[in-house]
Amino acid sequence: MYKLETIISLAKRRGFVFQSSEIYGGLNGCWDMGPLGVELLLNIKDAWWKAMTYREDIEGLDASILMHPRTWDASGHTKQFSDPMIDNKTSKSRQRADNLIEEHIEKLKKKKKFDEADIIQAKLDAVKENTDYYDIIIAHEIKDPVSGSMDWTEVRNFNLMFKTFVGPLEDSSSIVYLRPESAQGIFVNFKNVLETARQKPPFGIAQIGKAFRNEINTKNFLFRTREFEQMEMQYFVKPGSEKDWFEYWKDLRWKWYLSLGMKEEKMRWKLHEKLAHYANMAVDIEYEFPFGFGEIEGIHSRTDFDLRSHQEFSGKKMEYVDTVNQERYIPYVIETSGGVSRGLMAFLCNAYDEETVTDDKGGSETRVVMRFNQKLAPVTVAVFPLVNKDGMPEMAHAIYKDLQKNFKVQYDIAGAIGRRYRRQDEIGTPYCVTIDGQSVEDGTVTVRERDSMKQDRISAVKIKNYIWDRMD
RNA sequence: GCGAAAGUAGCUCAGUCGGUAGAGCGUCAGCUUCCCAAGCUGAAUGUCGCGGGUUCGAAUCCCGUCUUUCGCUCCA
């Protein structure tokens, strides 16, 4: 297991990821994709888009980030997306008020004080205002688990949605939110897509887009950021069939990561024990990062919560009418939701490798190799003239220009050939094409494969097919 | 948000007692080189995170602030 700093350092050194606004000291938890990072990012999104939408039952969508404020009333975010927090003045610890009370109830149950536990539970269920949490905490003398003190502040709300204003007047009537999830853009367009794309359940809508959450704190490089991108697909199914489709998508999404070279031993399923208000089944795919396992994708069975809620709040019917079987229903939804930059970070960690290589003289050194899957590698092929003379640069450059029509290619003439190979290893380029003295005479080149460092001599005109043959 | 640590060249880091900055690697130019980073010559790159204070003088001492890392907390 390599350290996260090692990977961040390489990401910076080679132009994968930079800190946002770095020259001004950076902005907390915001990151920019450099020249190689953006290629990797686009390759991940492209692989996802093709896997999800190049099939008959899924349509694409790109919804606006700003949405009608009522959207968030319907989705539950206005209410549920703000956490009631309470601070302890003695220990300076901050707790979620509702969690604090729930823990207290658990403790009482362990002590077999069921009567008191039930009373508090009933009060907790009836909470309407933040002061209600406070009253429970004071009335039942709930102490700070850190200090044991009861020196609490009032309960305050921490809203995780970014606010901004539409139009020139910054008053409450013009408040809009940056979407905290991209899913709602799909739900509000359910009927539009259903009709214009002439689909019927089971079918899905896929979208890649940014979402924003004003997290209390950001963490672990790209893992938790306030601005992030999601790859989401909402699959609409007939109520009653959701369990089968849930299993279907679990299986497919797991295999998608494997198909891009993710190591299965680094992945695991995490079952949600506490379900969100909208879900009846939920699992995460987790990847083992250097700091531990973390979610990279969630597969959730969202029931008809979202569509039903939008129907209620908007007054527009969200039903599918099956004219053949003469039935109408609000579809159930299976959601697959992956974090793009979390995925990128997982693929970065997954690719990073150091190996010891020995040279002719018996010395040894460390070779840093990013073992990206060929579909994800930021640069697919690099072209080098072996030496900078005898017609080799000219031939190499012509091959470079030709490969550029189909691939992301680098041309490198600087330094010894071994150095150039290593530069490509460090950014994960799967193939290096070298033009040597024989090339100029018979039109063949050597293709060097990144992981094995083995070389094949092939005709220059066959390079593209050579790469494509290995792409699948 | 709390606690702790850190921030000096692109990266990794050194910098003594306070006297206006260095190394290795990398990068760039040229030479050399017929296959795996180590040859030769030369070059560029720093308001020492930012702001203030103390001092004749601050990378160094003090205060504030920002950022990062770790631990809590949080992650419907």
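What you are looking at is a predicted structure, and each value in this text was computed from that prediction instead of being measured. By convention in this document, chain letters (A, B, ...) are assigned in the order of the sequence lines, proteins followed by strands, and residues within each chain are numbered from 1.
- For B/U65 and B/C2, the P atoms lie 10 Å apart once the distance is rounded to whole Å.
- Taking the P atom of each, B/G22 and B/G46 are spaced 14 Å apart, rounded to whole Å.
- For the pair A/Glu335 CD and B/A76 P, the computed distance is 13 Å after rounding to whole Å.
- A/Tyr177 and A/Thr71 are not linked by any side-chain donor-acceptor pair at a separation below 3.5 angstrom, with hydrogens and angles left out of the test.
- Mapping A/Ala414 and A/Arg422 onto RNA chain B by nearest heavy atom places A/Ala414 at the nucleotide closer to the 5' end.
- Ion pairing between a basic and an acidic side chain is recognised when a charged N comes within 4.0 Å of a carboxylate O; A/Lys45 and A/Glu229 show such pairing.
- Listed by first and then second residue, the salt bridge (charged side-chain N to carboxylate O under 4.0 Å, His left out) pairs involving residues 15-35 of chain A are A/Lys12-A/Glu22 (not counting sequence neighbours).
- The salt bridge (Lys or Arg N to Asp or Glu O under 4.0 Å) test applied to A/Lys464 returns A/Asp402, not counting sequence neighbours.
- In terms of phosphate contacts, A/Arg302 brings no side-chain nitrogen or oxygen within less than 4.0 Å of OP1 or OP2 of B/A76.
- Contact annotation: A/Asn220 does not reach the phosphate of B/U68 (side-chain N/O to OP1 or OP2, under 4.0 Å).
- Rounding to whole angstrom units, CD1 of residue A/Ile23 and P of B/G46 are separated by 14 Å.
- At a cut-off of 3.5 angstrom, the base of B/C35 holds at least one donor-acceptor pair with the side chain of A/Gln455.
- Using a cutoff of 4.0 Å between basic side-chain nitrogens and carboxylate oxygens, A/Lys454 and A/Glu449 are not scored as salt-bridged.
- Ion pairing between A/Glu426 and A/Arg423 fails under the 4.0 Å rule for side-chain N and carboxylate O.
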Listed pairs under 3.5 Å, donor-acceptor, residues 389-399 of chain A side chains, sequence neighbours left out:
none

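- A stem is defined here as three or more consecutive Watson-Crick or G-U pairs, each with both distances under 3.5 Å; for RNA chain B these stems are B:1-7 with B:66-72, B:10-13 with B:22-25, B:27-31 with B:39-43, B:49-53 with B:61-65.
- Applying the 3.5 Å distance criterion, the base of B/C74 shares a donor-acceptor pair with the side chain of A/Arg224.
- Not counting sequence neighbours, A/Arg419 has no partner by the salt bridge (Lys or Arg N to Asp or Glu O under 4.0 Å) test.
- Residues A/Tyr411 and A/Gln404 bring no donor and acceptor atom of their side chains to less than 3.5 Å of each other.
- In terms of modelled atom types and a separation under 3.5 Å, the side chain of A/Asp425 and the main chain of A/Val369 share no donor-acceptor contact.
- Nearer to the 5' terminus of RNA chain B, by closest-nucleotide assignment, is the contact made by A/Thr434 (compared with the other of A/Thr434 and A/Leu4).
- Between the side chain of A/Arg419 and the base of B/A37, no donor-acceptor pair of N or O atoms lies under 3.5 Å.
- Taking the C1' atom of each, B/A4 and B/A37 are spaced 39 Å apart, rounded to whole Å.
- If you take CG of A/Asn214 and P of B/G1, they are 10 Å apart, rounded to a whole angstrom.
- Rounded to an integer number of Å, the gap from A/Asp412 CG to B/G26 P is 13 Å.
- The A/Gln19 side chain lies nearest to B/U67 when the options are B/U67, B/C70, B/U27.
- Rounded to whole Å, atom P of B/U67 lies 17 Å from atom CG of A/Leu222.
- Listed by first and then second residue, the side-chain hydrogen bond (donor to acceptor under 3.5 Å, both in side chains) pairs involving residues 336-348 of chain A are A/Glu232-A/Ser337 (not counting sequence neighbours).
- Using a 4.0 Å cut-off on heavy atoms, the residues of residues 437-452 of chain A that approach RNA chain B are A/Gly437, A/Thr446, A/Arg448, listed by number.
- For A/Ile417 and B/A38, the CD1 to P distance is 12 Å, given to the nearest whole Å.
- Here the closest heavy-atom approach between residue A/Leu344 and residue A/Gly37 is recorded as CD1-O, 3.8 Å.
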Show me the side-chain donor-acceptor pairs of residues 293-304 of chain A shorter than 3.5 Å, one per line, residues at least two apart or across chains.
{"from": "A/Glu297", "atom 1": "OE1", "to": "A/Arg253", "atom 2": "NE", "distance (Å)": "3.4"}
{"from": "A/Glu297", "atom 1": "OE1", "to": "A/Arg253", "atom 2": "NH2", "distance (Å)": "3.0"}
{"from": "A/Glu297", "atom 1": "OE1", "to": "A/Tyr257", "atom 2": "OH", "distance (Å)": "2.8"}
{"from": "A/Glu297", "atom 1": "OE2", "to": "A/Arg253", "atom 2": "NE", "distance (Å)": "2.6"}
{"from": "A/His300", "atom 1": "ND1", "to": "A/Glu335", "atom 2": "OE1", "distance (Å)": "3.2"}
{"from": "A/Ser301", "atom 1": "OG", "to": "A/Asn280", "atom 2": "OD1", "distance (Å)": "2.6"}
{"from": "A/Arg302", "atom 1": "NE", "to": "A/Asp306", "atom 2": "OD2", "distance (Å)": "2.8"}
{"from": "A/Arg302", "atom 1": "NH1", "to": "A/Glu335", "atom 2": "OE1", "distance (Å)": "3.4"}
{"from": "A/Arg302", "atom 1": "NH1", "to": "A/Glu335", "atom 2": "OE2", "distance (Å)": "2.6"}
{"from": "A/Arg302", "atom 1": "NH2", "to": "A/Glu181", "atom 2": "OE2", "distance (Å)": "3.4"}
{"from": "A/Arg302", "atom 1": "NH2", "to": "A/Asp306", "atom 2": "OD1", "distance (Å)": "3.1"}
{"from": "A/Thr303", "atom 1": "OG1", "to": "A/Tyr278", "atom 2": "O", "distance (Å)": "3.4"}
{"from": "A/Thr303", "atom 1": "OG1", "to": "A/Phe305", "atom 2": "N", "distance (Å)": "3.1"}
{"from": "A/Asp304", "atom 1": "OD2", "to": "A/Arg308", "atom 2": "NE", "distance (Å)": "2.9"}
{"from": "A/Asp304", "atom 1": "OD2", "to": "A/Arg308", "atom 2": "NH2", "distance (Å)": "2.9"}

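- Residue A/Asp436 is in base contact, counting any heavy-atom pair closer than 4.0 Å across all strands shown.
- Here the side chain of A/Asn28 is nearest to one of B/C36, B/U68, B/C70, namely B/U68.
- Taking atom CZ of A/Arg14 as the reference point, atom P of B/A37 lies 15 Å away to the nearest angstrom.
- Among the heavy atoms of the strands, none lies under 4.0 Å from A/Gly294.
- Distance noted for atom C1' between B/C40 and B/U33: 12 Å (whole Å).
- RNA chain B is contacted by A/Leu386, A/Val387, A/Asn388, A/Lys389, A/Met392 of residues 384-393 of chain A, taking any non-hydrogen atom closer than 4.0 Å.
- A gap of 15 Å separates the P atoms of B/A58 and B/C50, to the nearest Å.
- Between A/Phe291 atom CZ and B/C72 atom P the separation is 14 Å, expressed in whole Å.
- Counting distance only, with no hydrogens placed and no angle test, the side-chain atoms of A/Glu181 and the base atoms of B/A76 include a donor-acceptor pair under 3.5 Å.
- Taking atom P on both B/C62 and B/G7, the two are 14 Å apart, rounded to the nearest angstrom.
- Taking the salt bridge (Lys or Arg N to Asp or Glu O under 4.0 Å) definition, one finds that A/Lys462 meets it with nothing, sequence neighbours left out.
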Atom pairs, protein N/O to nucleotides 4-13 of chain B N/O, distance under 3.5 Å:
{"from": "B/G10", "atom 1": "O3'", "to": "A/Lys12", "atom 2": "NZ", "distance (Å)": "3.3"}
{"from": "B/C11", "atom 1": "OP1", "to": "A/Lys12", "atom 2": "NZ", "distance (Å)": "2.6"}
{"from": "B/C11", "atom 1": "O3'", "to": "A/Ser9", "atom 2": "OG", "distance (Å)": "3.2"}
{"from": "B/C11", "atom 1": "O2'", "to": "A/Ser9", "atom 2": "OG", "distance (Å)": "3.4"}

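- With C1' as the reference atom, B/G57 and B/G71 are 41 Å apart, rounded to whole Å.
- Between the side chain of A/Tyr24 and the base of B/C50, no donor-acceptor pair under 3.5 Å is found.
- Listed for the A/Glu354 side chain is no donor-acceptor partner under 3.5 Å among the backbone atoms of A/Thr366.
- For A/Asp353, the salt bridge (Lys or Arg N to Asp or Glu O under 4.0 Å) partners at least two apart in sequence or on another chain are A/Arg371.
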